Number of protein chains: 2
Amino acid sequence: MFISTSEHGVDAKNRVSVPAGYRAVLRNDPHDAIYLFPHFSGAYLEGGGELFIQQYRADIARLGRYDPLGQVMEVAVLGAARRLDFDSTGRITLPKALIEHAGISGKASFVGCGSRFEIWDAEGQATREVEMRQAAAKMMQDPEQVARLGGGQDLAALVGNSPALSDLLKRGDT
Amino acid sequence: MFISTSEHGVDAKNRVSVPAGYRAVLRNDPHDAIYLFPHFSGAYLEGGGELFIQQYRADIARLGRYDPLGQVMEVAVLGAARRLDFDSTGRITLPKALIEHAGISGKASFVGCGSRFEIWDAEGQATREVEMRQAAAKMMQDPEQVARLGGGQDLAALVGNSPALSDLLKRGDT
DNA sequence: TTGTTTCCCATAAAGTCCCATGATATCCCA
DNA sequence: TGGGATATCATGGGACTTTATGGGAAACAA
């Protein structure tokens with residue numbers, strides 16, 4: 001699971017160290033690499049491992065070849081995505097197009113989001129984090145939102161019913 | 001898996017370099033070649049490897065010999081498709097008919113779509129990409145579309161239940 | 001011949017690998 | 001529990017390899 005936020009410098013060759021904790025998550029993947037794409041809904045990159053990109057692929061494939069939503073997502077996600085391999089010290093080289101989309105200058109901020117992570121320009125990220133915390137607090141005052149979120153009451157049941165999920169949790173590399 | 005978008009010049013001999021990442025996908029194929037055909041629903045080419053063309057073949061075969069749809073697809077896809085071999089530096093030579101169908105002049109844009117890719121004239125592709133990203137952002141604001149897309153909730157369970165899919169992910173050449 | 005296609009070599013730019021170094025974190029033992 | 005030894009991590013720079021692309025020679029067709 002990708003968690004925590006950390007900043008890393010982007011050098012003259014556009015290289016940036018991927019947080020060690022994230023790399024540990026990817027260690028079991030077929031290739032030692034991450035997938036990244038410029039997100040369509042904001043100036044940031046979304047990324048993850050093999051599972052992350054295959055989820056998008058599965059979602060798109062499920063819609064079928066002639067669905068307009070699927071066609072849009074194909075270009076916006078798969079067409080824009082890049083596979084970036086690590087060098088021997090755990091860095092990736094960010095393509096120019098991705099750097100420009102996210103407006104990264106000097107420092108990049110990695111934000112873990114569970115099964116995926118986001119990369120933002122470090123500059124704005126600090127304030128964004130505070131805003132998100134405030135937004136969360138506000139939403140928790142709305143009973144409807146609280147109800148939608150649930151509150152984790154049923155995870156135990158979920159695990160009990162799903163050998164797959166149970167294995168996944170035991171394996172611990174998710 | 002074919003992902004990312006890149007532009008490549010088409011020279012006086014109609015040669016064009018296939019992105020290195022795409023060639024890596026095809027390395028396990030029986031012949032080191034791609035299949036391409038002028039797509040019936042727009043001014044672009046659709047292409048892929050052995051698996052890509054065999055999927056079309058299987059779909060058509062399933063319809064049976066006397067199905068009008070099958071007959072149409074046979075001509076429109078298999079009849080129009082070409083197998084193009086790579087030269088020693090990873091280029092293919094685009095036949096005139098394909099260049100004309102896609103309106104390619106000078107530069108061609110390869111767009112990865114997972115199990116297949118598209119080739120567009122680079123001129124229009126740049127704007128198309130921006131439009132698609134905007135369309136995606138807009139669609140994500142419509143709860144109905146979001147619901148249709150799903151959001152990958154079930155891939156993990158899917159993988160857990162399917163040894164075949166799990167192997168596929170591990171093999172990593174999809 | 002003339003035009004077309006295929007193969008091979010040359011080159012510049014881009015990307016990747018490898019080693020070095022300083023900083024940080026972790027471990028171990030008194 | 002403090003402090004030094006060790007391992008891990010982040011980052012810089014140079015050497016090397018791959019990739020993209022241009023051009024020329026050889027094979028083939030009309």
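Quick note on labels: first sequence line is chain A, next is B, and so on, each numbered from 1. Keep in mind the model is a prediction, meaning the values are calculated, not measured.
- With rounding to whole Å, A:D11 atom CG is found 10 Å from D:dG13 atom C1'.
- When the C1' atom of D:dT11 is taken as reference, atom CZ of A:R23 falls 12 Å away, rounded to whole Å.
- Counting to the nearest Å, the C1' atom of C:dT6 and the CZ atom of B:F86 are 16 Å from each other.
- In terms of the side-chain contact (heavy atoms from CB on, under 4.5 Å) criterion, residue partners of B:T89 (sequence neighbours excluded) are, by chain and number, B:D87, B:R91.
- Not counting sequence neighbours, the partners of B:F110 by the ring-ring contact (aromatic ring centres under 6.0 Å, His included) test are B:H8.
- By the 4.5 Å heavy-atom criterion applied to side chains, A:L36 and A:I92 are counted as neighbours.
- Evaluation of the side-chain hydrogen bond (donor to acceptor under 3.5 Å, both in side chains) test over residues 72-86 of chain B, restricted to residues two or more places apart or in two chains, returns B:H31-B:R83, B:R83-B:D85.
- Whole-Å rounding puts the A:K107 NZ to D:dA10 C1' distance at 11 Å.
- Listed by first and then second residue, the salt bridge (Lys or Arg N to Asp or Glu O under 4.0 Å) pairs that reach into residues 44-63 of chain B are B:E46-B:R116, B:D59-B:R62, sequence neighbours excluded.
- Applying the side-chain hydrogen bond (donor to acceptor under 3.5 Å, both in side chains) test to pairs two or more places apart or on separate chains, none has a residue in residues 103-114 of chain B.
- Ranked by how close their nearest DNA chain D nucleotide is to the 5' end, A:G9 and B:H8 are led by A:G9.
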Heavy atoms under 4.0 Å is the rule here; annotate nucleotides 9-16 of chain C 5' to 3' with B where the base is hit, S where only the sugar-phosphate is, and - elsewhere.
-> B------B
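- Follow the hydrophobic side-chain contacts under 4.5 Å out from A:I60 and you reach A:Y35 in the same cluster.
- With sequence neighbours left out, the ring-ring contact (aromatic ring centres under 6.0 Å, His included) criterion links A:F40 to no other residue.
- Note on the helix from C:dG3-D:dC28 to C:dA30-D:dT1: angle between the axes of the first and last five pairs equals 30°, rounded to 10 degrees.
- Contact check, B:S17 against D:dT21: a side-chain N or O comes under 4.0 Å of OP1 or OP2.
- The side-chain hydrogen bond (donor to acceptor under 3.5 Å, both in side chains) contacts involving residues 133-145 of chain B comprise B:Q145-B:R148, where partners must be two or more places apart or lie in separate chains.
- Residue pairs meeting the ring-ring contact (aromatic ring centres under 6.0 Å, His included) criterion with at least one partner in residues 48-94 of chain B, sequence neighbours excluded, are B:F37-B:Y56, B:F52-B:Y56.
- Residue-level contact check: B:V10 touches neither bases nor backbone, having no heavy atom under 4.0 Å from any strand.
- Annotation: salt bridge (Lys or Arg N to Asp or Glu O under 4.0 Å) contacts of B:D67 (sequence neighbours excluded): none.
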Atom pairs, N/O to N/O, protein against nucleotides 21-27 of chain C, distance under 3.5 Å?
none

